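Below is one structure, written out as structure tokens; the observations come after it.
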Amino acid sequence: MLRSLIGNPSLRLVSRSRATISQSRRQIHSGVAQEVRMRPRITPGHLQVKPRRMVLGAVSISGSSFFHSTPRRQSAPLVPFLVGALKASTTLEVARTAARIALTFVPILLFKNRSTRRNLQWAAVHGNEVSEEKKATMLQRMKKRTLLFHILLFTPIILFWAIIFASLERTPLTGRWRLILLSPEEEDEIASQLAGPGWYQAVGEILSHDGPPKIVPPADWRFEWVRDTLRKLENAIPILQNEQLLQPLWHERGPNDKPLPPPADFPLRPRPRGSEYLRWFCEMSAARKTNPAPHAIPGPPYSLMVVDKPDASNAFSYGFGPDGGGGIVVYSGFLDDILSRSYGTTQTSAPKESPWWTRLLGGKPPPPSYPIPTPEQTSELAILLAHELAHLVLSHHLETLSSVTIIIPGVLSIVSDTIRALLFPITMLFGPFVNDAVAQLGRVGSGEISKIGEYCTSGKQEIEADLVSARLLAHAGFDARNAVHFWESRQENTQTRECSASCANLPTSSQSNLARRIMSSTHPMNEMRVTKLRDELVRWELERRVAVIRRAAEVPAA
């Protein structure tokens, strides 16, 4: 009987089908399936195995179709959305809230796990039998609390570093890594508020802190002189986007010629945005050629204001965005300073004499004479304007706004909350007054550290603006080597300091000394800037010589 059953061909077919099904399922799980066969349908007369059509993911499997797993790169479209979502000023507050929640519940979870562990140890030492069911329940609860502990602990940490990663970008032309924690919408809002007359209104409020400013009218020759020099420098900004096209030209410069910079490793490009990353990925996924993003650098023509203030020999840049959202303020004291220097013979425009009938009829008197600036004086003005223009080109105002008002206060707030949570077992013994005093101390310390951080950020930006201003001067036709002598002749004080609009809030001398010690440098800021600028010009010459040698080696001898 058993032998007859074993020899039955129908049953052998059923067992073979079941074996095939088990083998196919194992192959599907391993990702290398060759054939999928479904449950056989048994008819009264015979056994028939009917393949059934299946759709797994995006791959249709019928009969002997092959199964392909989903490529891992298909999850990449999430990256631009995550970067765009995390690159905003509100995300750091979300990370701080997550940290506060973790600091609230983590001690409770640790205390409960410790209590459960002590109870189990006490029962084991004193011989109190605990049922296996109760012990398993307690251990399961400990495991869940441990899992929740890790989630609460690592969520704010991962979120914080994801925000930092999303905010990282390279500064054009110099390649310095920096953090700008502002979304494109927030940047557009800042630019729209400063566009057109908004910039003049914002700058007027800054200048009014020292009393109503006296503005030099556009018809004044001093304003025209500054405006013409600024427009000449602005014409060099498009060259910074395509410096590689000048490669043969800067090779051929001699030691006595005005130097030209080698092409930058990081050309001037529009600042990256999440939408650009998404567009780039879509183009690459469709196997289409990716064209560069359109020119979206908020740039010229910049706004300009000349303030009649003889006791101030400096300037500052302010703002961000197109349509005049950024601009430069120059004080007349600086113009008087460079005009007072003797560079040979200073020409003076002679007044036009009016005809005798005009004087007889009481006509308007001739316009007063004014000095005609020499090329050397215009070069000094261009050096100062190029420095402030570099601040605008590199979007230093956005970087300072992001660092001083968002990143530094947010990070210090998270650190302060952590310290207060660790000290709470001690401070709670002395009542809420001591706890409030510790919180107030943390806020005061955060303010002081923010000022030091602002000084350090401003120092890096000043050096960076010097290096980029040398490129602007060279491409605009000026001699960049004169910038070294210019900055060496200027002493760093409140009358001659070149900075952003926040220069009035810079740290005091003690705070600046502390900032320099933190940066392991005790040299004056002006001396550091001159040294970096001189090294940059030396690098230009060395790279020019190396390029000439390589070019000569590539050309075969006649």
Side-chain angles (χ1 to χ4, degrees), residues 82 85-111 148-169 176-183 186 398-461 502 505-508 510-521:
L82 292 177
L86 294 175
K87 189 176 174 62
S89 59
T90 56
T91 54
L92 200 58
E93 186 63 27
V94 174
R96 180 190 178 191
T97 303
R100 286 188 166 189
I101 295 174
L103 293 174
T104 302
F105 290 99
V106 161
I108 299 176
L109 296 176
L110 292 176
F111 178 78
L148 182 59
F149 165 78
H150 287 96
I151 292 175
L152 291 175
L153 181 64
F154 288 103
T155 295
I157 297 176
I158 295 175
L159 181 59
F160 173 79
W161 286 110
I163 294 171
I164 297 300
F165 176 77
S167 305
L168 272 177
E169 63 179 56
R176 175 178 61 90
W177 286 104
R178 63 179 178 181
L179 292 174
I180 296 184
L181 192 54
L182 291 170
S183 65
E186 292 170 334
L398 281 183
E399 182 182 356
T400 302
L401 182 66
S402 174
S403 300
V404 176
T405 63
I406 300 174
I407 297 178
I408 294 179
V411 172
L412 293 177
S413 178
I414 295 175
V415 174
S416 176
D417 291 340
T418 304
I419 295 176
R420 289 178 59 193
L422 296 176
L423 295 179
F424 180 74
I426 300 175
T427 57
M428 70 177 181
L429 300 177
F430 301 97
F433 296 102
V434 176
N435 196 11
D436 293 342
V438 173
Q440 182 66 24
L441 182 62
R443 284 191 290 269
V444 173
S446 299
E448 297 300 323
I449 296 177
S450 297
K451 292 180 180 180
I452 295 176
E454 180 181 358
Y455 178 84
C456 298
T457 303
S458 178
K460 292 180 180 179
Q461 292 176 357
S502 60
N505 298 324
L506 282 176
T508 60
S510 60
Q511 293 169 339
S512 61
N513 291 334
L514 177 59
R516 292 192 180 108
R517 287 196 296 270
I518 293 176
M519 294 187 296
S520 300
S521 176

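Values reported hereafter were calculated over all heavy atoms of this structure, with side chains retained and with hydrogens, waters and symmetry mates removed. The structure displayed is predicted, hence computed values, not measured ones. The chain is numbered in sequence order, starting from 1.
A donor-acceptor distance shorter than 3.5 angstrom exists from the side chain of Thr91 to the backbone of Leu86, with no hydrogens or angles considered.
Of the inter-residue distances, the one linking Gln461 atom CD with Ser403 atom OG reads 7.5 Å to the nearest 0.5 angstrom. Expressed to the nearest 0.5 Å, how far CG of Leu92 lies from CD1 of Ile408 amounts to 11.5 Å. We find the CD1-CG distance between Ile406 and Leu181 to be 5.5 Å, quoted to the nearest 0.5 Å. Taking CZ of Arg96 as the reference point, atom CG of Leu412 lies at 10.5 Å (rounded to 0.5 Å). Residue Glu93 holds its CD atom at 9.0 Å from OG1 of Thr90, rounded to the nearest 0.5 Å. Note that the CG atom of Leu398 and the CD atom of Glu186 stand 10.5 Å from one another [nearest 0.5 Å].
Here the closest heavy-atom approach between residue Glu169 and residue Ile180 is recorded as OE2-CD1, 3.6 Å. The two residues Phe160 and Val411 make their nearest non-hydrogen contact at CE1-CG2, 3.8 Å. In terms of heavy-atom proximity, Leu179 sits nearest to Leu168 at CD2-CD2, 3.6 Å. Closest non-hydrogen pair, Leu152 versus Ala102, comes out as O-CB, 3.0 Å.
Partners of Leu401 under the side-chain contact (heavy atoms from CB on, under 4.5 Å) rule, at least two apart in sequence or in another chain, are Leu182, Ile190, Thr405.
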Point to revise | side chain to side chain contact (heavy atoms under 4.5 Å, CB included) evaluation trace for Ile101 with Thr155 | key: CA-CA 10 Å; Ile101 295 174; Thr155 295; over 6 Å; no
Practice item. Go through the steps to decide whether Glu399 and Arg176 satisfy the test side chain to side chain contact (heavy atoms under 4.5 Å, CB included), and finish with yes or no. Key: CA-CA 12 Å; Glu399 182 182 356; Arg176 175 178 61 90; 2.9 Å; yes
